[in-house]
Number of protein chains: 2
Amino acid sequence: MPGETGATTSGQLRVHNLLRVLRAVHDGGAMRTRAQLTHDLDLARGTATVLVADLIGSRLVREEPTVQRTRGRPTRVPGPHPDGPVALAVDFREDSWTVAMAELGGRLTTRETRPHRPGPPEAVLGELADALRAHVRALGQRVAGVGIAMPGPVRGDRLLDVPHLGWRDVEVTALLAASRIAAAPLPVLLDNDATLAGLAEARRGALRGVAVGLHLHVDFDVGGTLILDGRPLRGAHGTGGEFGHMPLTGASGVCACGATGCWSLGVGANALVRLTGGEVTPGQGREEAQRIIAEAMAGDDRAAAALTSTARALGQGVSALVNAHDPQVVTLSGVGADLRTHAEEAVREAYLHGLMMFRRDRPPELVSSALGSEGILVGASEMVFDAFLTPRGLHAWQQAVSPLAGSVAEHRRPTG
Amino acid sequence: MPGETGATTSGQLRVHNLLRVLRAVHDGGAMRTRAQLTHDLDLARGTATVLVADLIGSRLVREEPTVQRTRGRPTRVPGPHPDGPVALAVDFREDSWTVAMAELGGRLTTRETRPHRPGPPEAVLGELADALRAHVRALGQRVAGVGIAMPGPVRGDRLLDVPHLGWRDVEVTALLAASRIAAAPLPVLLDNDATLAGLAEARRGALRGVAVGLHLHVDFDVGGTLILDGRPLRGAHGTGGEFGHMPLTGASGVCACGATGCWSLGVGANALVRLTGGEVTPGQGREEAQRIIAEAMAGDDRAAAALTSTARALGQGVSALVNAHDPQVVTLSGVGADLRTHAEEAVREAYLHGLMMFRRDRPPELVSSALGSEGILVGASEMVFDAFLTPRGLHAWQQAVSPLAGSVAEHRRPTG
DNA sequence: GTTGTTATGTTCTAGCCAAGAGCAAAAAGG
DNA sequence: CCTTTTTGCTCTTGGCTAGAACATAACAAC
């Protein structure tokens, strides 16, 4: 599913095949036996032997025995090496952040959540940097990178806008680098939380194996991402997937983003609060939105009307996106999943009504996220592994493990 | 730019490199010298010699002398072989169709346009089949495939809907196959005209080398495609890119597609006709739209108002798509290019106004198509070459040229 | 016009890689 | 305890690209 490699020389061929094995181990959650991997990757047994031995030698993988009860010589399960690479994943929200650790195979291990007060980026990110530094100290060279999910559009190393915090154009990576979270330079990768929720869904959730999928993450407003062969479509500068800022439902009013009539104005936690007459407190609407949904289910008329209205807006917007992109499945996370669950009829009716005729006989299914609130952290760690499971990442790792044996040559120019 | 290959064995490595050279020849319009290709593809000179010799032996390529005036041993230009593969490209419209021929490098050669009366698919496509059969007879084994651009959504082998012709769910490929256009089975590929216009722009137009581009083809209504690394995003079933059927401008009324408030209702030839009080005659509005634009330029108030209105709707819709997808460039073809040229201010104002704040400092440029009306034919031929320039296509060709020497093995299973 | 310079094509060898065959190993079944 | 089954390991073989050495064909300078 992740990035292609495309070997040209026999040296690159080896790297490509090492990565194929490594990615297969990772994507399979470190559950597949070596025999299965050999078969799935269409390798000769001898080749698999050599490749796995190489990965074990590089401290990337370790083989564990199986608990199988099959005939024949028992095979083993290549999984994460105890000294192997780990990703640090951060889910940064308006009111708190969570740091987790993921090893090869994707399992999230430690987790640490801390609230933060609204404040200038330097202060808030300084606390995060302290926590990251502690993790990096404990893990040593094992940290392959830090992946950070942000609640706003991200362009390269910059967080462009978090209305609820009043943050504009924050150079997150530079601030963290200034806090020296690691002795050696460490890859710090940033992306939008909705994009990463979609990435997680693509790799370990309901969009697994789906060629074209659409993920929508509804939180305070609507974000999302189109998934292509397991890769999110990030756009030319990384700020793609802002579906919430298209005028899909004929809403009126100016959005916080600066555009007019955005879809987000009618869906999401803020819309629920506004529709029930509440005051939108920046970054504080999640619990209130849950409360409104609960009230609606309990029979409160005003809450029910708000729920139905947002559900309709959700369905209508989804239909427009399905018309445009022809996805195979649409997944919903955050409040989107709640709307689908608790106001299914309203969502579905608006959805079908908005579809082009020829799409109505077999419309793409609307599915709730398989990962729930975990998704963002999973996506952040997958982003780190995406960068790591490349010729470049592998080369860097092997250099660190054994600087002399250069199995993966960085680059080279022909004679000319 | 086109499809990846991803070799795993040394045999596949050779195929991969043969295709890299062949694609480089094709993408470069058969203009690059062998020395340039060697450098661009980062090959050793010896490797280039072997690869080019192999391609020449397979009658895929022929080297022509250069007219260069440089020092050193003169290099030559690999270009299309006189007995090499050709693509047949068809631009099928509501009132006529055009057949053209393209050789490796993309040059369009013969061209034949014929009008057709509205009628049942069998009759109209029968005439097209006759023309194709004649071309295939003349070209023999050289025809690598037929690419057909259709003025409506295409799912696999089916043309789903052409409102202006009253066609629904037409099995185009099956009908052509029944007409036996070739003795041996021939790849017949179908796609939407707007998608192919975008594909052409990506390969030989203004989206060349652009990682993420958006092409919009405005004809009777609005179609388009997102271009990713030179590949159009076709969706799960091939019906992606129907941007015209999102409710982006708050238009009222039911669209011919079955949805409500579609963007297409306010842009395009039909909208121009409708806005000037004219009657929309199915499939006949192209000249009238041009006339209205001319009148507007000449000072006619009603025509000018219609022009401005559609231009505004165009700009507004584009801004929504830019918000969502963050393209690097947006290209416009058909009436879209005319609107951009003749009502630039209205388009631009609406475009900027609809953008999210953080996109306004450096908004993606709106550019007119570099290929104009040629684009659809170019795109149809590129689609054929995309399928041909793959291990599968190369294998089939080499089998036909010399059935014994199997340089490209089709597939294989390991010992197990 | 002869020689030098430069850039490119060709040929040959070395090194690397994966496929595959044969053998060894490790389990279950009888 | 022996057979069957499945997998891992080792070694050979064929194929591929890199790179060096050589050949070639132009221009440039004298």
Side-chain angles (χ1 to χ4, degrees), chain A residues 5-21 32-57 63-78 405-409 411-416, chain B residues 5-21 32-57 63-78 405-409 411-416:
Chain A
T5 314
T8 300
T9 73
S10 35
Q12 294 174 331
L13 199 62
R14 175 56 147 266
V15 175
H16 178 234
N17 278 332
L18 284 173
L19 287 172
R20 286 214 309 151
V21 173
R32 279 191 276 189
T33 65
R34 177 147 138 211
Q36 281 177 310
L37 290 171
T38 306
H39 178 263
D40 293 352
L41 299 180
D42 209 356
L43 293 169
R45 288 211 302 271
T47 311
T49 300
V50 176
L51 294 174
V52 171
D54 198 338
L55 293 175
I56 291 173
E63 285 196 311
E64 304 283 356
T66 19
V67 278
Q68 51 159 17
R69 294 262 139 232
T70 62
R71 255 179 115 154
R73 178 172 177 170
T75 181
R76 283 178 294 177
V77 180
S407 150
V408 184
H411 200 65
R412 168 209 51 81
R413 278 264 116 195
T415 343
Chain B
T5 314
T8 300
T9 73
S10 37
Q12 294 173 331
L13 199 62
R14 175 56 149 268
V15 175
H16 178 235
N17 278 332
L18 284 173
L19 288 171
R20 285 213 309 151
V21 173
R32 278 191 279 189
T33 66
R34 176 147 137 210
Q36 281 178 309
L37 290 171
T38 305
H39 178 262
D40 293 352
L41 299 180
D42 209 357
L43 293 170
R45 286 211 302 273
T47 310
T49 300
V50 176
L51 293 175
V52 171
D54 197 338
L55 293 174
I56 291 173
E63 285 196 314
E64 305 282 357
T66 20
V67 278
Q68 51 159 18
R69 294 262 138 233
T70 63
R71 250 177 120 154
R73 178 172 177 171
T75 180
R76 283 178 293 176
V77 179
S407 150
V408 184
H411 201 64
R412 167 208 51 80
R413 280 264 114 196
T415 343

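Here the structure is a predicted model, which means the values were calculated and not measured. Here is the naming used below: chain letters follow the sequence lines, and residue numbers restart at 1 for every chain.
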Could you check whether B:T49 gets within reach of a base, just the sugar-phosphate, or nothing at all, counting any heavy atom under 4.0 Å?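 Contact class for B:T49: base.
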Q.
Once you apply a heavy-atom cut-off of 4.0 Å, does B:T33 come out as touching a base, just sugar-phosphate, or nothing?
A. nothing
Taking only side-chain nitrogens and oxygens of [X], does any of them come within less than 4.0 Å of OP1 or OP2 of [N]?
X     : N      : value
B:T75 : C:dG9  : yes
A:R14 : C:dA18 : yes
B:N17 : D:dT17 : yes

Taking every heavy atom of B:T66 against every heavy atom of B:T75, the minimum-distance pair comes out as OG1-O, 2.5 Å
Whole angstroms only, please: what is the [atom1]-[atom2] distance between [X] and [N]?
X     : N      : atom1 : atom2 : answer
A:H16 : D:dT17 : NE2   : C1'   : 17 Å
B:L37 : C:dG9  : CG    : C1'   : 14 Å
B:R76 : D:dA26 : CZ    : C1'   : 13 Å
A:R45 : D:dC11 : CZ    : C1'   : 15 Å
B:L43 : D:dA18 : CG    : C1'   : 11 Å
B:R34 : D:dT24 : CZ    : P     : 15 Å
B:H39 : C:dG9  : NE2   : C1'   : 17 Å
A:L13 : D:dG14 : CG    : P     : 19 Å

Closest to the 5' end of DNA chain C, once A:R69 and B:E63 are matched to their nearest nucleotides, is B:E63
| Closest nucleotide of DNA chain C for A:T47 versus for A:R71: which of these residues is on the 5' side? |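 Between the two, 5'-proximity favours A:T47.
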**Q.** Proximal nucleotide (of D:dT6, C:dG9, C:dA19) relative to the B:R73 side chain
**A.**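 Within the option list, the nearest is C:dG9.
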Testing C:dG20, D:dT7, D:dA26 for proximity to the side chain of B:P74, the answer is D:dA26
Of B:T70 and A:S10, the one whose closest nucleotide on DNA chain D sits nearer the 5' end is A:S10
- Query: Checking B:N17 side chain against B:L51 main chain: does a donor-acceptor pair fall under 3.5 Å?
  - Reply: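 Judged by distance alone, no pair lies under 3.5 Å.
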Value for OG1 (B:T47) from CG (B:L41), rounded to nearest 0.5 Å, stands at 11.0 Å
Using 0.5 Å steps for rounding, measure from the CG atom of A:L37 to the CZ atom of A:R20.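 It is 10.5 Å, given to the nearest 0.5 Å.
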Subject >> Sidechain N-carboxylate O distance under 4.0 Å for B:R34, B:E63 >> reply: yes
